[in-house]
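A short write-up of the structure that comes next.
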Amino acid sequence: IKSEKMGEKKETVPPEYDVNAKWDACIDLTTRRFVYSSLGGAFAGLLFFRSPVTRWASIAFGAGIGIGSAYTDCSRAFDTPPAIVAETSSVSQLQLFNVRLSRVIQQTVLTANAGSSRRVEKRMIKRQVSEPMRRSAGYSESHK
């Protein structure tokens with residue numbers, strides 16, 4: 001987009017390519033989230049804790065959450081190409097979320113199954129070891 005003013009030609013940058021606007025938005029977002037989450041941490045500290053040390057820790061925890069979430073959103077704003085941002089819709093975001101959620105569930109189930117099979121193996125090994133010991137100590141099946 002070009003605008004002419006008294007013989008000068010000035011080009012304006014589209015908003016998706018304007019790095020200065022992205023920095024301004026990120027600084028604004030970080031400041032707001034830092035302040036709001038610090039206030040939330042202070043409120044939680046006053047509500048739940050008596051010691052000044054734990055209250056300050058609650059404030060610091062809230063501030064960390066605010067800065068972390070702002071950092072995540074800002075990194076997405078700078079890393080994602082504008083064409084991809086324009087093409088993504090809420091439906092595709094929902095599908096992506098569902099795929100990620102199903103992968104997490106599958107991994108959790110696999111981990112749980114692996115843990116239970118290890119417990120079964122340990123029981124089997126324990127039984128195999130304890131049977132000869134019972135026989136050598138004079139125990140029989142009737143003494144169970």
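Quick caveat: nothing in here was measured; it's all calculated off a predicted structure.
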Atom pair [atom1] ([X]) and [atom2] ([Y]), whose distance is rounded to the nearest 0.5 Å:
X	Y	atom1	atom2	value
Cys74	Trp23	SG	CH2	8.0 Å
Ile67	Thr72	CD1	OG1	11.5 Å
Leu39	Phe34	CG	CZ	9.5 Å
Ile27	Arg32	CD1	CZ	12.5 Å

### Message
Suppose the criterion is salt bridge (Lys or Arg N to Asp or Glu O under 4.0 Å): which pairs have a residue in residues 60-71, not counting sequence neighbours?
### Response
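Counting only pairs at least two positions apart or across chains, no salt bridge (Lys or Arg N to Asp or Glu O under 4.0 Å) contact touches residues 60-71.
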### Task
For Asp24, enumerate each residue passing the side-chain contact (heavy atoms from CB on, under 4.5 Å) test, keeping only those at least two apart in sequence or located in another chain.
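Asp24 satisfies side-chain contact (heavy atoms from CB on, under 4.5 Å) with no other residue.
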### Task
Give a yes or no on whether the backbone of Cys26 and the side-chain of Thr30 come within a donor-acceptor separation of less than 3.5 Å.
yes
Expected list for residues 44-51: side-chain donor-acceptor pairs under 3.5 angstrom, two or more places apart:
unit_1 : atom_1 : unit_2 : atom_2 : d
Ser51  : OG     : Val53  : N      : 3.3

### Message
So which atom in Ser38 and which in Ala63 form the shortest heavy-atom distance, rounded to 0.1 Å?
### Response
OG-CB, 3.3 Å
